[in-house]
Each structure stands twice: as structure tokens, then as C-alpha cells.
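Contents: one structure, followed by commentary.
Numbers restart at 1 for each chain; the letters A, B, ... are given by sequence-line order, proteins then strands.
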Amino acid sequence: DTEVTQTPKHLVMGMTNKKSLKCEQHMGHRAMYWYKQKAKKPPELMFVYSYEKLSINESVPSRFSPECPNSSLLNLHLHALQPEDSALYLCASSRSGTVPYEQYFGPGTRLTVT
Amino acid sequence: DQQVKQNSPSLSVQEGRISILNCDYTNSMFDYFLWYKKYPAEGPTFLISISSIKDKNEDGRFTVFLNKSAKHLSLHIVPSQPGDSAVYFCAASVGSNTGKLIFGQGTTLQVKP
């Protein structure tokens, strides 16, 4: 099983809403990532969890709050977002967060902030 | 400052011919490079990678070449197939103690039947 799953596929939320994005992998990977991708741009790293601990935060605004409940699950909690936060949010996983193993991506959640 | 550059936004080739996608980087500390393919409405799919200690890696129709002195890598697809039509991203690993990848802007490949 080389699949990373993400829910929901699409999400529309208002600027005062609180919502969460979910990501799951069952490949035994010990590193998980959140990326943000705007149209016609490359993915931009937001957070890295290595062995369930936050190892990289790319100066992401606090309205994005990651959580790694266990090695298979990764959440991204959203609160008071801005319209410019509308984007495709991608989750990825790899065998380790400390060596450059290949990262496997999920299909993404298309987020629209109104 | 863009550390990983894909200077060709698009490339069109005929089915059966070779596709060559190029990528340049500026940071000599990059030690691992990867190519990803992305279809619309899907996440990127890993294709092939290469360590900085090698100059070539081959996997089926895909070959990646690395020229460290020129800080340049390329992806060769032979023979190209219509199903290869997608956006291709080059990515570089920032260091051996982090999982951080920096992606290029992407090249859209169109393979014509």
C-alpha cells in the first residue's frame, strides 16, 4: 500500500470558521508533511513532522495549526483564514524526516476561503 | 531567490521521441534530487531520484542525469507516450538532516500522438 489519503477533497469555509484537514498513511513512514500549492506554482513546504514531533515550521501563520496524533495520522487545523489562503493543501509522507527519502503525496484538499 | 529553476514552462514532443526536461540549481549544498509528475487535480507522483554522489540513474523509460559542476540536472523520457503529458517538477533536498524539499516551478510536457 503506497497510498496517502486526504479528506476532505474539497472544502469551502468562511473566514470565521474552524475546520480541519486530515491525512493518513499506512506505509510505516515516520515523517509527514504539509504543503500548500497555489495555481501554476510549485508546492511550498509548511510543516514537517518527524517521529511524531514537529521538526520544521516554515514560519506559517498561527491560523494554521498542525497536529500529529500518531505516526499514521496528520491533521491541519484551520481557524480565521483569509481568502488568500485558498489553495491546494497537500500531505506527504516519507520513511524518515532526517534523510532525503522520496516523499509520497496525497491527492490534496482544495480549500476555498470565502 | 529561486534556488531550483525550471526555465522552460512548457515542452511539446511527438509520441515515440525523446523528452528532455531541464532543471538548474544554485545551492551547492543540495545533496539529493527528485523528479515528480503531476496530473491536474492530483498530488505529485514520485518518478525518479538521484544522489549527488552519482551522475546518472535509470528506471525504465526514465533517466536522470546530474552535472554537479554545472549545477544542472535533466530528466530524459524515452520513448515518450501520450500518458506522460503532465507537469514535471524538479525538487532538491536541502540537507541530509532534514526532509525539506525545494521545488522548481514545473514544466508542462505535452506528448502528441
Checking Gln105(B) against chain A: side chain, backbone, both or neither under 4.5 Å from a heavy atom?
both
Measure distances from Tyr39(B) to the heavy atoms of chain A and classify the residue's part below 4.5 Å as side chain, backbone, both or neither.
neither
Under 4.5 Å between side-chain heavy atoms, hopping through other hydrophobics if needed: is there a path connecting [X] to [Y]?
X	Y	value
Tyr89(A)	Met13(A)	yes
Leu11(B)	Val111(B)	yes
Met32(A)	Val60(A)	yes
Phe62(B)	Ile20(B)	no
Phe64(A)	Met15(A)	yes

Side-chain contact test, heavy atoms from C-beta onward, threshold under 4.5 Å: evaluate it for Tyr35(A) versus Pro44(B) and give yes or no.
no
Determine whether more than 12 heavy atoms belonging to other residues, nucleotides or ligands lie under 6.0 Å from atom [atom1] of [X].
X	atom1	value
Glu44(A)	CD	no
Arg61(B)	CZ	yes
Lys38(A)	NZ	yes

Rounded to the nearest 0.5 Å, the CD atom of Glu42(B) sits from the CG atom of Leu90(A) at a distance of 11.5 Å
Spacing of Tyr33(A) atom OH and Leu101(B) atom CG [to the nearest 0.5 Å]:
7.0 Å
Under 4.5 Å heavy-atom distance to chain B, tell me which part of Gln103(A) shows up: side chain, backbone, both or neither.
both
Gln6(A) versus chain B, heavy atoms under 4.5 Å apart: side chain, backbone, both or neither?
neither
Please check if the distance between the ring centroids of Phe105(A) and Phe46(B) is under 6.0 Å.
no
Do we see a donor-acceptor contact under 3.5 Å between the side chains of Tyr32(B) and Glu102(A)?
yes
Are Val48(A) and Lys100(B) close enough, and set up right, to give a side chain to side chain contact (heavy atoms under 4.5 Å, CB included), and what steps lead you there?
CA-CA 8 Å; Val48(A) 180; Lys100(B) 182 175 179 177; 5.5 Å; no
Closest contact, heavy atoms only, Pro42(A) versus Phe89(B)
CA-CE2, 3.6 Å
